[in-house]
Number of protein chains: 2
Amino acid sequence: MGLSYAEENYLKAILKLSGSPDGTVSTNAIAAQLDTSAASVTDMLKKLSDKELITYQRYKGASLTDDGQRIATTLVRKHRLWEVFLVQSLGMTWDEVHEIAEELEHIQSDRLIDRLDHFLGHPKFDPHGDPIPNAQGKYTLRAQIPLSELKPGQEGIVIGVREDETSFLKHLNEKGLTLGKSIKVITNDDYDNTLSLQVEGHELNLSGKVARNIMIKTT
Amino acid sequence: MGLSYAEENYLKAILKLSGSPDGTVSTNAIAAQLDTSAASVTDMLKKLSDKELITYQRYKGASLTDDGQRIATTLVRKHRLWEVFLVQSLGMTWDEVHEIAEELEHIQSDRLIDRLDHFLGHPKFDPHGDPIPNAQGKYTLRAQIPLSELKPGQEGIVIGVREDETSFLKHLNEKGLTLGKSIKVITNDDYDNTLSLQVEGHELNLSGKVARNIMIKTT
DNA sequence: AGCTCAATTTAGAGTAATCTAAAAAATATT
DNA sequence: AATATTTTTTAGATTACTCTAAATTGAGCT
């Protein structure tokens, strides 16, 4: 019936990586995502294929079946709802909740998630600005572009980040660049790949690498 | 560093069973508590002993060291805080929260538990009436006696149950005997071991077995 | 088409937790 | 005290997940 934590994590990784054309994901991509060996991935892909949660052919990569997609999306829903709870109810900061939510998402109880969703007021986005799938797996998309694509003079609001890594989120927090902050781009140098912007009066410099991972809703 | 779920569950079982004189618990008692084989218990006792979380001698049973006691008490604290959250915040019923809390108690984050405790207003008792240890492992005892010990005419309030089993809690819910209800004993027949009482106008009959597991604060 | 190299799979092995069956130790009974 | 019974441990195996190293397959290049 229930899946193991490992199985669930593989499904989530495949969902995350299957933005590509036909949704097919390579063995190595999964190994990199989960920081495990390619051999382990191959073993697990066989198992998930037997359970009909993915379609898999040797040497050809894997993609989620409808069942697999449903389960993976539910995990994302759980993860993001828990993140909202941790930030909104418990007052934790957005850079410390990811790892805890990574554990909480595996708790087994549909009813628990329904009640939590209700308690939180059916939020549509998590603290990183990512959409929360509803119980049917549908979610709202939001118009957002990477900070790196803004031209000098453009303004907007920080609505999310792409990276989940704690170190990255911590870095942003230290710079004062948190969710909801209004920003205005001063310079965006395509050449040396740096960007300067104004946040609450201060001026801030970011590398192109960092700027590409910060999502903005333009105003 | 961190312990596995299995290791944590063994420590909790040993704490639960070590009400006895010197706090020593037998292999078979643990096996029964965790519904596992005695052989598995022996294996695990060796491992926990190596980690200095219990003292253990072959054929002589086990008892918690200070470290083991601290960890086990923290687990109880986490379990009971989560139960309060599930009932108080999410509106779940006391008969459905135990199993979910059984999973939630393993989530690793001291800060999370501190925040949760704060969010809930530092509750002293869980929905079953059991005391919640504080961060230092200390907890308040409450004067409570089993319903089975009340004499006819005595009155009181339901403040807890001894059994954790879902089926038992469900049974009580159906009879309308939930936490906080005022009761008055009408008859308590030592001979055939049954008891009748008044709850909100209704009259209710309980077996001695059930009555022994319902805790009352007399008024 | 044949070769090269990267990606992937297979082979073989290790760890954690569990089981059943058999052996050993402790406890109870006569 | 000797024997019978119960409890506990050991032995040997199984499942899930993981690893490294070696073999295989596929894809790109000439």
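Worth saying up front: this structure is predicted, and the values here are computed from it rather than measured. These numbers come from the heavy atoms of this one structure, side chains and all, not from hydrogens, waters or symmetry mates. A note on names: the letters A, B, ... follow the listed sequences, proteins ahead of strands, and every chain is numbered from 1.
The environment of CD in E52(B) is sparse: at most 12 heavy-atom neighbours from other residues, nucleotides or ligands sit within 6.0 Å. Counting heavy-atom neighbours within 6.0 Å of F119(A) CZ, excluding the residue itself, gives a total above 12.
D35(A) places its CG atom 13 Å from the C1' atom of dC19(D), with the value rounded to the nearest Å. The CD-P distance, from E7(A) to dA16(D), rounds to 9 Å in whole Å. With rounding to whole Å, Y5(A) atom OH is found 14 Å from dT18(D) atom P. Rounded to an integer number of Å, the gap from I30(A) CD1 to dA7(C) C1' is 13 Å. Rounded to whole angstrom, the span from the CD atom of Q57(B) across to the C1' atom of dA24(C) amounts to 17 Å. Per the geometry, CG belonging to L34(A) stands 15 Å off C1' belonging to dC19(D), to the nearest Å. One interatomic measurement links the two molecules: CE of M44(A) to P of dT8(C), which rounds to 18 Å at whole-angstrom precision. For the pair D50(A) CG and dT15(D) P, the computed distance is 15 Å after rounding to whole Å.
Within the 4.0 Å cut-off from OP1 or OP2 of dT8(D), not a single side-chain nitrogen or oxygen of Y56(B) is found. Not one side-chain nitrogen or oxygen of S37(A) sits closer than 4.0 Å to the OP1 or OP2 atom of dT20(D). Taking only side-chain nitrogens and oxygens, K46(B) never comes nearer than 4.0 Å to OP1 or OP2 of dT9(D). Phosphate proximity of dT9(D) to T27(B): present, with a side-chain N or O under 4.0 Å from OP1 or OP2.
Using a cutoff of 4.0 Å between basic side-chain nitrogens and carboxylate oxygens, K78(B) and E83(B) are not scored as salt-bridged.
W94(B) and N173(B) form a side-chain donor-acceptor contact under 3.5 Å, judged by distance and modelled atom types alone. In the model, H79(B) has no side-chain atom that pairs as donor or acceptor with a side-chain atom of D126(B) under 3.5 Å. Checking T55(A) against S63(A) by side-chain atom types alone, a donor-acceptor pair falls below 3.5 Å.
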Summary of protein contacts for nucleotides 22-28 of chain D, nucleotide by nucleotide, where a base hit scores B, a sugar-phosphate-only hit scores S (4.0 Å, heavy atoms): --BSS--
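Distance from the side chain of T42(A) is smallest for dT8(C) among the nucleotides dT18(C), dT8(C), dT18(D). Closest approach to the A6(B) side chain among dT8(D), dT18(C), dA21(C) is made by dT18(C) (side chain taken as heavy atoms from C-beta onward). When distances run from any side-chain atom of T36(A) to the nucleotides dT9(C), dT18(D), dT18(C), the shortest one goes to dT18(D). With distances taken from any side-chain atom of A39(A) to the nucleotides dT20(C), dT18(C), dT20(D), the minimum falls on dT20(D). In the set dT7(D), dT8(C), dT10(D), dT7(D) carries the atom at the smallest distance from any side-chain atom of N28(B).
Residues satisfying the side-chain hydrogen bond (donor to acceptor under 3.5 Å, both in side chains) criterion with S49(B), sequence neighbours excluded, are absent altogether.
Within the 6.0 Å centre-distance limit, the rings of F85(B) and F85(A) are counted as a close aromatic pair.
Among the heavy atoms of the strands lying under 4.0 Å from S40(B) is at least one base atom, whether or not backbone atoms are also near.
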